K.L.:
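I'd like to ask some things about the structure below.
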There are 2 protein chains.
Amino acid sequence: MDQVEIFKALSNKTRLQILAWLKEPEIYFPGQLEHTGFEDGVCVGQIQQKAGLTQSTVSEYLALLQRAGLVQSTRKGQWTYYRRNEAAFEQLSKLILSEV
Amino acid sequence: MDQVEIFKALSNKTRLQILAWLKEPEIYFPGQLEHTGFEDGVCVGQIQQKAGLTQSTVSEYLALLQRAGLVQSTRKGQWTYYRRNEAAFEQLSKLILSEV
DNA sequence: AATGTATATCGGAATTTCCCGATATACCTA
DNA sequence: TAGGTATATCGGGAAATTCCGATATACATT
């Protein structure tokens with residue numbers, strides 16, 4: 001758990017937004033529900049649309065968040081679904097009180 | 001409380017070190033104890049020495065941490081003492097669970 | 001095999017961050 | 001007032017980040 005890498009990942013408004021959206025996908029991505037549900041998270045395209053940035057940028061942001069350990073992904077067919085890694089946030093919350 | 005600004009402030013190894021040092025000044029800055037104690041924190045010069053960066057860099061890092069609300073300062077004579085703002089860390093810890 | 005769709009990766013321009021040396025400001029003492 | 005010490009601010013080169021368009025890869029369908 002590289003602290004600096006985690007905080008860098010969180011140092012961007014769009015990435016914070018994405019994390020907030022992934023917390024309540026049923027609210028922020030209602031369009032996906034009927035297709036696949038949210039067990040595996042939300043696919044890149046849905047996130048990209050909502051973020052209003054290019055596909056390449058959003059894909060890189062998600063990869064960055066994953067390298068930091070804040071999200072996890074599942075590939076299903078041509079879609080990659082991203083979901084939050086809640087354990088990482090719990091850990092981070094504690095770490096801020098104990099180590100930072 | 002600007003989340004991005006806070007996470008940017010934490011996205012640097014030296015600044016994280018400084019915050020950790022200020023958590024236990026009596027351990028990391030034993031030289032200052034006999035002079036002034038630690039009620040107001042630690043002066044810039046002591047922190048600079050320990051960080052091993054230039055005076056200007058450390059001064060700017062402390063100002064940056066202060067703008068993010070993570071530390072507070074007290075001027076006494078020619079010295080500026082910096083100490084942690086523990087309330088900010090408590091808030092941040094909770095914020096990571098509730099908002100991020 | 002050929003085409004279409006979803007995502008990842010590459011190359012790069014613009015901006016920001018990192019960290020420095022030089023200089024300015026504040027305060028203290030003789 | 002002059003000189004010394006502590007800190008803040010300024011200007012800038014190097015490196016990292018932001019975000020893009022173009023291209024590559026992966027999978028599905030026909």
Side-chain angles (χ1 to χ4, degrees), chain A residues 2-19 21-22 25 29 31-32 35-36 38 40-68 70-83, chain B residues 2-19 21-22 25 29 31-32 35-36 38 40-68 70-83:
Chain A
D2 181 343
Q3 298 181 211
V4 172
E5 192 182 2
I6 292 173
F7 289 129
K8 278 187 181 174
L10 296 171
S11 296
N12 176 281
K13 198 174 177 182
T14 301
R15 290 194 296 267
L16 286 179
Q17 287 249 47
I18 291 172
L19 290 171
W21 292 336
L22 291 182
F29 304 95
Q32 187 181 279
H35 302 304
T36 62
F38 296 112
D40 296 315
V42 181
C43 70
V44 180
Q46 298 272 324
I47 299 169
Q48 188 239 315
Q49 250 185 291
K50 207 162 171 53
L53 296 178
T54 63
Q55 186 273 323
S56 64
T57 297
V58 172
S59 177
E60 280 179 6
Y61 279 9
L62 289 168
L64 188 157
L65 288 170
Q66 183 161 37
R67 282 195 299 277
L70 297 170
V71 303
Q72 296 172 311
S73 69
T74 305
R75 181 93 193 195
K76 284 206 171 169
Q78 23 191 355
W79 290 275
T80 308
Y81 295 91
Y82 283 90
R83 63 189 179 285
Chain B
D2 180 343
Q3 297 184 210
V4 173
E5 191 181 4
I6 292 174
F7 290 128
K8 278 187 182 174
L10 295 171
S11 296
N12 177 280
K13 198 174 176 181
T14 302
R15 290 194 296 267
L16 286 179
Q17 287 250 46
I18 291 172
L19 290 172
W21 292 336
L22 291 181
F29 303 96
Q32 187 181 279
H35 302 305
T36 60
F38 295 113
D40 296 315
V42 182
C43 70
V44 179
Q46 298 271 325
I47 298 170
Q48 188 241 315
Q49 251 185 289
K50 206 161 172 54
L53 296 179
T54 62
Q55 186 272 323
S56 63
T57 297
V58 172
S59 177
E60 281 180 5
Y61 278 8
L62 290 167
L64 188 158
L65 288 169
Q66 183 160 37
R67 283 196 298 279
L70 298 170
V71 303
Q72 295 171 310
S73 69
T74 307
R75 181 93 192 194
K76 283 206 172 168
Q78 24 192 352
W79 290 275
T80 307
Y81 295 92
Y82 283 90
R83 65 189 178 285

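Just so it is clear, the model here is predicted, and its values are computed rather than measured. Lettering of chains follows the sequences in order, A, B, ..., and the numbering in each one begins at 1.
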K.L.:
Let me know the distance between CG of L65(A) and P of dT18(D), rounded to the nearest Å.
P.N.:
11 Å
K.L.:
Round to the nearest Å and state the distance from R75(B) atom CZ to dA26(C) atom P.
P.N.:
9 Å
K.L.:
For K50(A) versus F29(A), what's the shortest heavy-atom pair and its separation?
P.N.:
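Scanning both residues completely, I find the closest heavy atoms to be CD-CE2, 3.8 Å.
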K.L.:
Can you name the one residue among V58(B), L10(B), L64(B) that meets side-chain contact (heavy atoms from CB on, under 4.5 Å) with R15(B)?
P.N.:
L64(B)
K.L.:
If you compare all heavy atoms of G41(A) against all heavy atoms of Y81(A), which two are closest, and at what distance to 0.1 Å?
P.N.:
O-CD2, 3.8 Å
K.L.:
Whole Å only: how far is the CD atom of Q78(B) from the P atom of dC28(C)?
P.N.:
7 Å
K.L.:
Between dT18(D) atom P and L16(A) atom CG, what is the distance in whole Å?
P.N.:
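Interatomic distance, CG of L16(A) to P of dT18(D): 11 Å.
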K.L.:
What integer distance in Å separates Q48(A):CD from dA8(C):P?
P.N.:
12 Å
K.L.:
Tell me whether the side-chain N/O atoms of T80(B) come closer than 4.0 Å to OP1 or OP2 in dA8(D).
P.N.:
yes
K.L.:
State, yes or no, whether a side-chain contact exists between L53(B) and Y61(B) at a heavy-atom distance under 4.5 Å.
P.N.:
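The answer is yes, as the side chains (C-beta and beyond) meet within the 4.5 Å cut-off.
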K.L.:
Where do P25(B) and V42(B) come nearest, in terms of heavy atoms and distance?
P.N.:
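P25(B) and V42(B) have their closest heavy atoms at CB-CG2, 3.7 Å.
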K.L.:
Quick one: does S11(B)'s side chain have a donor or acceptor within less than 3.5 Å of a partner on F7(A)'s backbone?
P.N.:
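Such a contact is found between S11(B) side chain and F7(A) backbone.
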K.L.:
Of L64(A) and W79(A), whose closest DNA chain D nucleotide lies nearer the 5' terminus?
P.N.:
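So the residue in question is L64(A).
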K.L.:
Of all the heavy-atom pairs spanning T14(B) and N12(B), show the shortest one and how long it is.
P.N.:
N-OD1, 2.9 Å
K.L.:
Nearest-Å distance, CZ (R67(B)) to P (dT16(C))?
P.N.:
14 Å
K.L.:
If you restrict it to nitrogen or oxygen atoms, what contacts under 3.5 Å exist between nucleotides 1-3 of chain D and the protein, and what is each distance?
P.N.:
none

K.L.:
Scan residues 5-15 of chain A against DNA chain C and write down, sorted by residue number, each residue with any heavy atom closer than 4.0 Å; if none is found, say none.
P.N.:
none
K.L.:
When the nearest nucleotide of DNA chain C is assigned to K76(B) and to E60(B) on a heavy-atom basis, which residue is associated with the more 5' position?
P.N.:
E60(B)
K.L.:
Return the minimal non-hydrogen interatomic distance between Y82(B) and S73(B), and the atom names on each side.
P.N.:
CE2-CB, 3.6 Å
K.L.:
Ignoring hydrogens and angles, tell me if any N or O in the side chain of Q72(B) forms a donor-acceptor pair with the backbone of Q66(B) under 3.5 Å.
P.N.:
no
K.L.:
Looking at dA8(C), I'd like to know if its phosphate oxygens (OP1 or OP2) sit under 4.0 Å from a side-chain N or O belonging to Y82(A).
P.N.:
yes
K.L.:
Of all the heavy-atom pairs spanning L62(B) and V71(B), show the shortest one and how long it is.
P.N.:
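Closest pair (atom of L62(B), atom of V71(B), distance): O-CG2, 3.9 Å.
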K.L.:
Which ones in residues 52-59 of chain B lie close to DNA chain D, meaning a heavy atom under 4.0 Å from one of its atoms?
P.N.:
Q55(B), S56(B), S59(B)
K.L.:
How many Å lie between OH on Y81(A) and P on dC27(D), as a whole number?
P.N.:
14 Å
K.L.:
Let me confirm one number: the CZ-CG distance from R67(B) to D2(B), rounded to the nearest 0.5 Å.
P.N.:
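R67(B) CZ to D2(B) CG: 12.0 Å, rounded to 0.5 Å.
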